[in-house]
Amino acid sequence: MSRRWVFGDQLGPHFLDDPDDGQVLLVESLDVFRRRPFHRRKAHLVLSALRHRARELGPRAVHVRTVTYREAVEAQLERAPGERLQVCDPTSRAARGLVQRLASEGLVEVLPARGWAVTHEQFAEWMRRRGAKRLLLEDFYRDVRRLHDLLLDPDGEPEGGRWNYDADNREPPPRRVRQLADAVDVGEPWWPAEDDVDAQVREDLDRWARDEGVTYLGDDGPRRFAVTRDEALAALETFVTRRLAAFGRYEDAMLAGDRWMAHSLLSAPLNLGLLHPLEVADRAVRAYREGEAPLAAVEGFVRQVVGWREYVWQLYWHLGEDYRRRNALAARRPLPDWWQDLDAAGEVRARCLSDVLASVREEGWAHHIPRLMVLGNWALQRGYDPAALTDWFHRAFVDGYDWVMVPNVVGMSQHADGGQLATKPYVAGGAYVNRMSDYCGDCRYDPRLRVGERACPFTAGYWAFLDRNRERLAGNFRMAQALRGLERLADRDDVRRQEAGRGPGAP
Ligand SMILES: Cc1cc2nc3c(=O)[nH]c(=O)nc-3n(C[C@H](O)[C@H](O)[C@H](O)COP(=O)(O)OP(=O)(O)OC[C@H]3O[C@@H](n4cnc5c(N)ncnc54)[C@H](O)[C@@H]3O)c2cc1C
Ligand code: SF4
């Protein structure tokens with residue numbers, strides 16, 4: 001007899017050969033939480049998901065609580081000697097290393113990864129066809145759409161005549177509103193109701209903190225994200241029918257009074273393996289076909305789910321083991337305490353940063369632009385160590401997993417790969433934040449100022465970043481205009497002095 005060992009991010013039916021049959025092994029490892037502090041909300045989410053799955057499977061599942069995965073595997077094979085343990089290729093290099101070691105000892109059989117729109121073989125073939133051409137998300141994404149017939153017309157051409165509707169998406173937020181719903185028809189996100197499994201998880205997490213030396217980041221609070229297949233499907237349905245239409249247009253916008261905007265909140269259930277990315281994309285495409293959402297919004301969303309998400313997954317493996325240690329801009333500053341603890345003491349006065357850190361502290365979540373253009377931008381400007389930053393993001397975000405954090409932080413947000421993933425650094429001054437949010441109006445700083453008491457630390461930091469990295473960035477033609485601006489800066493020495501003296505304190 002065979003039994004499928006599923007990791008905590010392989011919880012959907014597609015990780016089993018027959019969703020209604022077959023034996024399963026689920027392992028809860030205390031070691032993971034002992035090693036380093038994770039966000040309390042994240043610990044809750046992953047445990048709740050695993051335990052809900054165990055309950056759903058009932059007698060088909062062996063659910064063990066041990067210190068390490070190896071112990072669980074060995075114990076299971078002792079309990080059921082003739083049993084064959086199979087596992088789908090896991091999502092991190094560390095877990096892959098472990099299952100391969102166990103396989104070489106004859107303890108488990110490793111099956112190909114599941115839950116992706118593109119297999120590693122298909123990606124390798126795509127790379128081979130490209131030859132020496134640069135890796136480009138846009139080309140990859142178009143081929144994924146062709147491969148799965150997503151948003152194509154009967155002639156195989158992109159629906160509406162264009163592959164990319166970015167020009168219709170990514171507007172600033174509506175003015176003089178507190179929440180997006182004040183200006184646009186957008187429903188509330190789907191929220192779960194906690195149950196007895198959640199109550200038990202909460203009790204256990206408290207006990208581990210008391211008796212086992214486990215520590216957490218951030219605040220506890222009601223669970224926000226789906227942990228079962230049924231919940232994930234409900235969250236998908238709510239998003240598609242009530243929120244997707246507003247998604248593309250305000251995808252990049254931020255409002256202090258609305259941290260969710262029109263985002264899907266599906267990264268957590270997707271990364272837990274509860275939804276398959278193709279079923280998510282298909283449902284969004286159906287919404288377009290049935291007139292529930294406009295093409296630009298649907299295209300923007302499909303691009304995220306089967307474009308970006310698949311792309312970073314493939315690049316995580318393709319770019320190699322050492323990619324996580326890349327540091328092309330020689331950024332070596334340690335993360336300050338106020339950053340590490342998510343501004344627990346409320347010291348940060350820069351309004352955008354304070355608000356985004358509060359969102360991470362309270363929810364373990366912020367949408368893409370706060371991650372990239374507030375947190376990532378700040379860390380890039382200040383020269384935080386990219387590996388330490390990756391670890392922090394991984395632990396602080398409910399949807400953080402190694403495969404998705406490494407490319408997004410090292411490559412996309414910190415340019416530590418020298419431009420393999422993004423052609424130019426995502427660095428911007430306060431003018432960007434001011435255009436894309438309502439933060440600056442009530443901030444003690446002024447986004448237009450780069451020197452003095454009221455100078456916006458993002459604006460000053462932008463110029464200081466360019467100044468510090470001007471030689472490293474000189475060959476990048478997409479940075480040429482910014483570097484010419486630096487040459488013309490009358491108060492460049494003042495900015496340099498001011499920022500060099502800034503120290504690690506909260507801005
Ligand atoms: C510095 C940084 C760190 C990030 N860390 C993570 C992470 O740990 N886990 C994670 O899932 N996403 C991460 N992202 C990508 C993205 O910010 C989140 O997926 C998204 O904000 C989650 O919210 P949502 O589900 O409402 O997404 P939506 O805005 O509704 O987007 C839909 C889906 O697209 C996918 N997606 C979009 N962009 C990306 C991307 N760049 N990489 C991978 N998937 C993407 C996600 O699955 C997401 O659920 C990171 C981005 C940055 C810049
Ligand atoms: S003025 Fe600067 S620090 Fe203040 S909210 Fe705007 S960008 Fe952030």
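Heads up: numbering here begins at 1 and tracks the sequence. Reckoned from all heavy atoms, side chains included, excluding hydrogens, waters and symmetry mates. Each ligand, and each atom within it, is numbered from 1 in the order the structure gives.
Proximity of a side-chain donor or acceptor of Q381 to a complementary backbone N or O of T459 within less than 3.5 Å is not detected.
Within 6.0 Å of CZ in R36 there are more than 12 heavy atoms belonging to other residues, nucleotides or ligands. Other residues, nucleotides and ligands contribute more than 12 heavy atoms inside 6.0 Å of the CZ atom of R175. Residue E290 places its CD atom among more than 12 non-hydrogen atoms of other residues, nucleotides or ligands, all under 6.0 Å distant.
Within a radius of less than 2.8 Å around atom 4 (Fe) of ligand 2, the protein N, O or S atoms are C443 SG.
In terms of the ring pair (Phe, Tyr, Trp, His ring centres under 6.0 Å) criterion, residue partners of W313 (sequence neighbours excluded) are, by chain and number, W116, H120, W317, W403. For E237, the side-chain contact (heavy atoms from CB on, under 4.5 Å) partners two or more places apart in sequence, or in a different chain, are T241, R283.
Between F239 and W190, the distance from one ring center to the other does not fall under 6.0 angstrom. In summary, the aromatic rings of F140 and W126 are positioned with their centroids under 6.0 Å apart. Ring centroid separation for the pair F247 and H263 comes in under the 6.0 Å cut-off.
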Every pair of nitrogen or oxygen atoms between ligand 1 and the protein that is under 3.5 angstrom apart - can you list them with their distances to 0.1 Å?
residue	atom	partner	partner atom	Å
ligand 1	5 (N)	R371	NH1	3.4
ligand 1	8 (O)	D399	O	3.4
ligand 1	9 (N)	D399	O	2.9
ligand 1	9 (N)	D399	OD1	3.4
ligand 1	11 (O)	N271	ND2	2.9
ligand 1	17 (O)	H368	ND1	2.8
ligand 1	21 (O)	H368	N	3.3
ligand 1	23 (O)	W365	NE1	3.3
ligand 1	25 (O)	S264	OG	3.4
ligand 1	25 (O)	L266	N	3.0
ligand 1	25 (O)	S267	N	2.9
ligand 1	25 (O)	S267	OG	3.4
ligand 1	26 (O)	S264	N	3.3
ligand 1	26 (O)	L265	N	2.7
ligand 1	29 (O)	H263	ND1	2.7
ligand 1	30 (O)	S264	N	2.8
ligand 1	30 (O)	S264	OG	2.7
ligand 1	38 (N)	Q304	OE1	3.3
ligand 1	41 (N)	N408	OD1	2.9
ligand 1	42 (N)	N408	ND2	3.0
ligand 1	49 (O)	S267	N	3.1

